[in-house]
S.K.: 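Sending over a structure as structure tokens; questions will come in a sec.
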Amino acid sequence: MSLYILCTVLFAVGLYCLLVKKNLVKKIIGLGIMEYAINLFFILTGYRTAAEAPILDRELAITNFVDPLPQALILTSIVIGLAVTALMVAIAVRLYEKYRTFDINEIRRLRG
Amino acid sequence: MIELHVLLGLMIIGAIVAMEIEDLLSSVIALGAVGFGLTLAFLLLRAPDLAITQLVVEILSLIILIRATVGVKLPREKIRSRIGYFIFAVIFVALFLSFSVKAIAQLPLFGDSLMRIGSQYVAEAKIKTAAANIVSAIILDFRGYDTLGEATVLFTAVIGVLAVLRKSRKQA
């Protein structure tokens with residue numbers, strides 16, 4: 001139970017970073033932290049005490065596996081996270097080339 | 001699982017460092033430390049496939065983020081403390097934490113997963129797909145359409161990156 005709470009605290013750190021920081025790169029970092037926390041939370045819910053990784057063995061008849069379904073879903077989510085980060089960084093780099101700043105207040109002031 | 005507690009504590013410290021440090025490059029590297037901590041956590045939680053993927057993805061996203069921050073000359077971030085905005089964010093995060101604590105109390109205990117659907121996949125993987133790795137049996141066979149959707153999202157994001165970056169080359 002305390003692990004779930006710690007995971008939520010990690011998510012809250014990312015959320016705070018996303019809300020308060022004015023720098024675009026800091027906002028991307030905040031989103032990344034939130035993504036890590038969500039991925040970890042799913043894997044935590046699938047864990048079983050004294051269980052093995054979900055890989056079958058020819059000789060040993062293991063019956064106690066951790067839940068493979070969240071692992072399969074999060075495998076997808078990690079790769080999508082990389083693509084989303086790349087897209088955000090591309091947009092941030094373009095904004096920097098145009099306005100020479102990452103500060104969103106400056107960018108908003110310079111519009112038009 | 002005391003080692004997992006220690007690891008999560010270190011990840012939270014790394015996240016706070018990444019948030020508060022002024023230099024952008026140091027901030028990105030601190031984020032990488034959090035990601036590698038996540039890799040170790042996946043290994044401890046018996047998810048080796050995820051650990052491998054997370055390692056590769058972490059290295060790639062570090063390279064991408066460093067590309068965005070290298071050579072960026074920022075004037076020192078002026079601290080414009082809008083106190084109202086700060087208070088709003090703190091209240092929002094506190095509300096989120098209190099609600100999530102209530103929601104977590106309803107979940108099954110840690111290490112006691114129900115596996116309503118997962119147990120069926122474990123039982124049928126050998127017979128139906130002949131795959132030794134149950135995770136790959138699920139993503140490539142039982143839930144192949146999910147993976148197809150994922151490939152679509154990935155492809156769309158790559159097209160987006162290409163479209164955004166190409167425009168800069170034409171203007172320059």
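Lettering of chains follows the sequences in order, A, B, ..., and the numbering in each one begins at 1. No hydrogens, no waters, no symmetry mates; every other heavy atom, side chains included, goes into these values.
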S.K.: Can B/E22 and A/K26 be counted as an ion pair, charged N to O under 4.0 angstrom?
M.R.: no
S.K.: Between B/Y85 and A/L19, is there a donor-acceptor pair closer than 3.5 Å when you use the side chain of the first and the backbone of the second?
M.R.: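 Answer holds: yes.
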S.K.: Is there a path of hydrophobic side-chain contacts, each under 4.5 Å between heavy atoms, that joins A/F65 and A/I55?
M.R.: no
S.K.: Side chain, backbone, both or neither: which part of A/I28 has a non-hydrogen atom closer than 4.5 Å to chain B?
M.R.: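 The side chain, not the backbone.
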S.K.: What part of B/L44 is in contact with chain A, defined as an atom under 4.5 angstrom from a non-hydrogen atom: side chain, backbone, both or neither?
M.R.: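 Only the backbone of B/L44 comes within 4.5 Å of chain A.
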S.K.: Report the distance from atom CG of A/L75 to atom CD of B/E150, rounding to the nearest 0.5 Å.
M.R.: 7.5 Å
S.K.: If we ignore hydrogens and angles and just use 3.5 Å, is the side chain of B/Q54 paired with the main-chain N or O of A/Y36 as donor and acceptor?
M.R.: no
S.K.: Using a heavy-atom distance cut-off of less than 4.5 Å, which residues of residues 55-62 of chain B contact chain A?
M.R.: B/V57, B/E58, B/L60, B/S61
S.K.: Measuring from atom CG of B/L50 to atom CG of A/N39, what distance do you get when rounded to the nearest 0.5 angstrom?
M.R.: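 It is 8.0 Å, given to the nearest 0.5 Å.
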S.K.: Taking side chain as everything from C-beta outward and backbone as N, CA, C, O, which of these in B/V158 sits under 4.5 Å from a heavy atom of chain A? Side chain, backbone, both or neither.
M.R.: neither
S.K.: Which atom names give the shortest non-hydrogen contact between A/V89 and B/A68, and what distance separates them?
M.R.: CG1-CB, 3.5 Å
S.K.: Report the distance from atom SG of A/C7 to atom CD1 of B/I104, rounding to the nearest 0.5 Å.
M.R.: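 Rounded to the nearest 0.5 Å, the SG-CD1 separation comes out at 8.0 Å.
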S.K.: Among the clusters formed by ILVMFWY side chains lying less than 4.5 Å apart, do B/F96 and B/V90 turn up in the same one?
M.R.: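 Both belong to a single hydrophobic cluster.
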S.K.: According to salt bridge (Lys or Arg N to Asp or Glu O under 4.0 Å), who are the partners of A/R48, at least two apart in sequence or on a separate chain?
M.R.: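 A/R48 satisfies salt bridge (Lys or Arg N to Asp or Glu O under 4.0 Å) with no residue once adjacent residues are dropped.
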S.K.: Among the options A/D57, A/L69, A/L24, pick out the one with the most heavy-atom pairs lying under 4.5 Å from chain B.
M.R.: A/L69
S.K.: Taking all heavy atoms of B/V164 and all of A/A90, pick out the closest pair and write down the distance.
M.R.: CG1-O, 3.8 Å
S.K.: Side chains of B/S113 and A/V66: does their closest heavy-atom pair fall under 4.5 Å?
M.R.: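 No, every pair of side-chain atoms sits at 4.5 Å or beyond.
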S.K.: Side chain, backbone, both or neither: which part of A/L73 has a non-hydrogen atom closer than 4.5 Å to chain B?
M.R.: side chain
S.K.: Check each atom of A/V79 against the heavy atoms of chain B and say whether the ones under 4.5 Å are side chain, backbone, both or neither.
M.R.: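 Both backbone and side chain.
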S.K.: Considering non-hydrogen atoms only, spot the tightest contact between A/L87 and B/A157 and give its length.
M.R.: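 Answer, listing the atom of A/L87 first, then B/A157: CD1-O, 4.1 Å.
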S.K.: Of the listed residues (A/L15, A/V20, A/I5, A/V84), which shares the most heavy-atom pairs with chain B below a 4.5 Å separation?
M.R.: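 Looking at each option in turn, the highest pair count goes to A/L15.
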S.K.: Contact part of B/N133 toward chain A, heavy-atom cut-off under 4.5 Å: side chain, backbone, both or neither?
M.R.: both
S.K.: At a heavy-atom separation under 4.5 Å, does A/A92 approach chain B through its side chain, its backbone, both, or neither?
M.R.: neither
S.K.: I'd like to verify something: which residue of A/A83, A/A72, A/A50 has the highest number of heavy-atom pairs under 4.5 Å with chain B?
M.R.: A/A72
S.K.: Which heavy atom of B/H5 sits nearest to which heavy atom of A/S2, and what is that distance?
M.R.: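 Residues B/H5 and A/S2, closest heavy atoms: NE2-OG, 2.6 Å.
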S.K.: Which residue out of A/L3, A/L40, A/L6, A/I74 racks up the most heavy-atom pairs below 4.5 Å with chain B?
M.R.: A/L3
S.K.: Looking only at heavy atoms, which two atoms of B/S27 and A/I29 are closest? And how far apart?
M.R.: OG-CD1, 3.1 Å
S.K.: Give, as side chain, backbone, both or neither, the part of B/F42 having an atom under 4.5 angstrom from any heavy atom of chain A.
M.R.: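 B/F42 touches chain A through side-chain heavy atoms alone.
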S.K.: For chain A, which of B/L4, B/V153, B/D49 has the most heavy-atom pairs under 4.5 Å?
M.R.: B/L4
S.K.: Is there side-chain contact between A/L82 and B/I64, with at least one heavy-atom pair below 4.5 Å?
M.R.: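 Side-chain contact under 4.5 Å: yes.
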S.K.: What residue in B/T156, B/V28, B/T53, B/L38 has the most heavy-atom pairs under 4.5 Å with chain A?
M.R.: B/L38
S.K.: In terms of heavy-atom pairs under 4.5 Å, which option from B/L8, B/V101, B/L114 contacts chain A the most?
M.R.: B/L8
S.K.: Which value, rounded to the nearest 0.5 Å, describes the distance between A/T45 atom OG1 and B/L45 atom CG?
M.R.: 10.0 Å
S.K.: Tell me the closest heavy-atom pair linking A/V13 and B/M19, and the distance in Å.
M.R.: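 For A/V13 and B/M19, the tightest heavy-atom pair comes out as O-SD, 3.7 Å.
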S.K.: At a heavy-atom distance under 4.5 Å, which candidate from A/G46, A/S77, A/P70 has the highest pair count against chain B?
M.R.: A/G46
S.K.: Can you tell which part of A/A51 gets under 4.5 Å to a heavy atom of chain B, answering side chain, backbone, both or neither?
M.R.: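 For A/A51, the contact with chain B is made by the backbone alone.
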S.K.: Rounded to the nearest 0.5 Å, how far apart are OH of A/Y96 and OG1 of B/T69?
M.R.: 10.5 Å
S.K.: Considering only heavy atoms and a distance below 4.5 Å, find which of A/L18, A/T49, A/T85 pairs most often with chain B.
M.R.: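 The option with the most such pairs is A/T49.
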S.K.: Examine whether an atom of A/V93 lies under 4.5 Å from a heavy atom of chain B, and if so say whether it belongs to the side chain, the backbone or both; otherwise answer neither.
M.R.: side chain
S.K.: Check ring pair (Phe, Tyr, Trp, His ring centres under 6.0 Å) between B/F110 and all other residues, then give those that pass, not counting sequence neighbours.
M.R.: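 Counting only residues at least two positions away or on another chain, B/F110 forms a ring pair (Phe, Tyr, Trp, His ring centres under 6.0 Å) with A/Y47.
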S.K.: Which atoms of B/A41 come close to chain A, meaning under 4.5 Å heavy atom to heavy atom: side chain ones, backbone ones, both, or neither?
M.R.: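 Looking at B/A41, just its side chain touches chain A.
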S.K.: Output a table of donor-acceptor pairs, distance under 3.5 Å, between side-chain atoms of residues 124-132 of chain B and any protein atom two or more places apart or on a different chain; print 'none' if there are none.
M.R.:
residue, atom, partner, partner atom, Å
B/E124, OE1, B/K128, NZ, 3.3
B/T129, OG1, B/A125, O, 2.7
B/T129, OG1, B/A131, N, 3.3

S.K.: Is it the side chain or the backbone of B/I117 that comes within 4.5 Å of chain A heavy atoms, both, or neither?
M.R.: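 Interface part for B/I117: side chain.
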S.K.: Looking at CG of B/L154 and CD1 of A/I80, how far apart are the two atoms once the value is rounded to the nearest 0.5 Å?
M.R.: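 It comes to 7.5 Å.
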